[in-house]
Novice: 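Encoded as structure tokens, here's the structure I'll be asking about.
Just so we're on the same page: letters track the sequence lines, and every chain starts at 1.
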Amino acid sequence: MSSNSTTYDAIIVGVGTSGGFLAKSLSEAGLRCLALEAGRHLDRHTYPRSEVDANALLYWGGGIELNHDARIGLLRARVVGGGSIVNQALMDRFDDDAFDSWRETSGVGFFSTDAMAPWYEKAESSICLQEIPAEYRNRNAEIFREGFDNNGYEWAPLRRAQRDCRYQDGNDCIACLWGCRIDSKQSTNVTMVPKALAAGLDLIPEFEASTVAESADGVTVTGKHGDGREETFQGRRLILASGAIGNSKLLLRSGFAAKLPALGNNFFSHPQYMELGLYEEPVDAHRGPMQSLKSADAGFRRSGFKLENVYAPPAAVAMLVPGFGRAHLRHMRQLSHFACIEVCVRDTNPGRIRMGRGGSFSVEKSLNAEDQARRDRGLAAIHNIFLSTGAKEIISGSIAISLHLMGGCNMGVDPQRSVVSPEFHVHGTRHIYTADSSVFPNAPGINPALTIMALSIRASEQILAEAKSA
Amino acid sequence: MSPAKNLNPTQMRGLAKAGDVVIPGDEVLPSFSASGSLDHVDRMLDHMSDSDRSGVQILLTVFRFLPRFVIAAILHVAQRDHVFPGILGAGCRMINIGIKGVVMTLYYSDLGPQPRILPAIGYDAKVVTTGDGGSANPGGVA
């Protein structure tokens, strides 16, 4: 094993949304930073072009990882840019309900819409945000809107982080789930990482950190390069930015559980259930902007779910359609006649990330009776929408998907019940920070990306202030 | 069928057999084994975790020696996971997701020399890249 002789001011493990923002802020402030990312550093010319390659190259586990009882598929991005490469870039601020719940759970005072407003403003001003013009909405979105109107549900346009999707050219956003080939989507790979590199960031892709350690002077990070070489890096401070599972795994594997009883607990994931409505006329849900509307119904919010106007590429749809053989093929030949809506559950039952033998891990996560009731209320609303808009058949997806992976290193004032302090320090450490979705105290029921950005900007200012005073 | 790095010939025959149970083909669509998907199996298995890959290999080895109707019966049972409690239900779901995941992902990626599966199901998603293929100022704020 080799040891790198450079002592960095900051080592950032994981270059997704949080890691990208922190790398840019700290590098531009003059800190010598190293960013380590397990995935590849791709760009618009090299993003995968097929579903099999996208699953293999952009996600852990070759596409999907399963929870302990294989009821939930966990989608965890593994690429420079992380979730911001593969998501639909939905950017919502959290509401009072989410922050009140966080403040009550964590005891952290700045969890409020007013206190977070300056950080949201900084995040929003650093990316391009747009709504989809009504004339470009596809038929899937129109079915969503008509169904909401027919049933008296409230809907609203989505706000997305995109610059110029050139819908007039006939572009289909679904292709950008594998990375945006025209760099319209505001992933950190186009917004933050280039600026960080220009400011001197050292970025090492295809390096998986395996353990971290803290001493009086700083930190060390040990791991493996893609070619199998082991290497250790030293730094004055460490920023964990590899998400709920990545951060929890790294700290558990490094022996922090003895001092942090809450480590790996309080895992939430917004389980999502996609429903397909089969229509007589073509829907072509894959055309144009894939998502342009959202549910904005106060009753849905109180009931613990939201509905999303979504779709997925063919292999993913094939996995959702139950069965196999000729009956399955008959359904797939009607792919262009499917509309799709998903219910996203604001889950209340905390899961747990645990280490197993040989470095393996498991995610114990299930829906309790309340979560199942939330799911079922959302599914009932979807069925109302499909039936009121003329669907001739409704197909229920055969697996839940989670891509908002949150918690495991929850923020709070009590080290016995939380892992990270309000100052973004891992409790009991002086040099280890985190500000990504792993610090979420519970499930907000709202897309997390913008809040991860806001927290990361706040954390970068905290880290810089501490660096200056050191 | 080209040799694969992650599957031996027995396992490749097991994949072809199970694949044709999952996707037998019809008057428009080719069967799994006739689609050219088998030649690309390493593009998927190379990136699986060791434990997932081992599970798939074991399953395909078993499938090689089972008649098709038995494989179909296993897949039918695997989809009735809700009637089995605890670890049995979880095992059913893992078999279902494992086999369908490999077969469906390879097949609907349409990896043959000429695209024929995606056109047949009406999927034609595209992104028009002009000039150098990107925005002039991708990281900028409007």
Novice: For residues H47(B) and N55(A), is any side-chain donor paired with an opposing acceptor at under 3.5 Å?
Specialist: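 No, no side-chain donor-acceptor contact under 3.5 Å.
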Novice: Quick one: which of G325(A), C180(A), P282(A) has the most heavy-atom pairs under 4.5 Å with chain B, could you say?
Specialist: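 Winner by heavy-atom pair count: G325(A).
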Novice: Salt-bridge test for R333(A) and D26(B): reply yes if a basic N is under 4.0 Å from a carboxylate O, no otherwise.
Specialist: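 So R333(A) pairs with D26(B) through a salt bridge.
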Novice: Using the side chain to side chain contact (heavy atoms under 4.5 Å, CB included) rule, take L66(A) and R93(B) through it: C-alpha gap first, then chi angles, then the decisive distance, then the call.
Specialist: CA-CA 10 Å; L66(A) 298 173; R93(B) 285 185 286 278; over 6 Å; no
Novice: Rounded to the nearest 0.5 Å, how far does OG1 of T129(B) lie from CG of N171(A)?
Specialist: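 Separation between the atoms: 8.5 Å.
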Novice: Any idea which heavy atoms bring F324(A) and A72(B) closest together, and the distance?
Specialist: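 In this case the closest contact between F324(A) and A72(B) is CZ-O, 3.5 Å.
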Novice: Write down the atom of M104(B), the atom of A318(A), and the distance for their closest heavy-atom approach.
Specialist: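 M104(B) and A318(A) have their closest heavy atoms at SD-CB, 3.8 Å.
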Novice: At a heavy-atom distance under 4.5 Å, which candidate from Q334(A), R71(A), H328(A) has the highest pair count against chain B?
Specialist: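 That would be R71(A).
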Novice: Return the minimal non-hydrogen interatomic distance between V52(A) and M44(B), and the atom names on each side.
Specialist: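 Nearest heavy atoms, V52(A) then M44(B): CG2-CB, 3.9 Å.
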Novice: Using non-hydrogen atoms only, which part of H40(B) is less than 4.5 Å away from chain A: side chain, backbone, both, or neither?
Specialist: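 Neither part; nothing is under 4.5 Å.
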Novice: Verify side chain to side chain contact (heavy atoms under 4.5 Å, CB included) between W178(A) and V127(B), making sure each step is shown before the conclusion.
Specialist: CA-CA 12 Å; W178(A) 309 336; V127(B) 172; over 6 Å; no
Novice: How long is the gap from CZ on R43(B) to CG on D53(A), to the nearest 0.5 Å?
Specialist: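 Between atom CZ of R43(B) and atom CG of D53(A) there are 4.0 Å.
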Novice: Kindly write out the residues that satisfy ring pair (Phe, Tyr, Trp, His ring centres under 6.0 Å) with Y136(A), not counting sequence neighbours, or none if the list is empty.
Specialist: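 Ring pair (Phe, Tyr, Trp, His ring centres under 6.0 Å) check on Y136(A) returns Y167(A).
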Novice: What closest approach, in Å, do P314(A) and I121(B) show between heavy atoms, and which atom pair accounts for it?
Specialist: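 Reported closest heavy-atom pair: CB-CD1, 4.1 Å.
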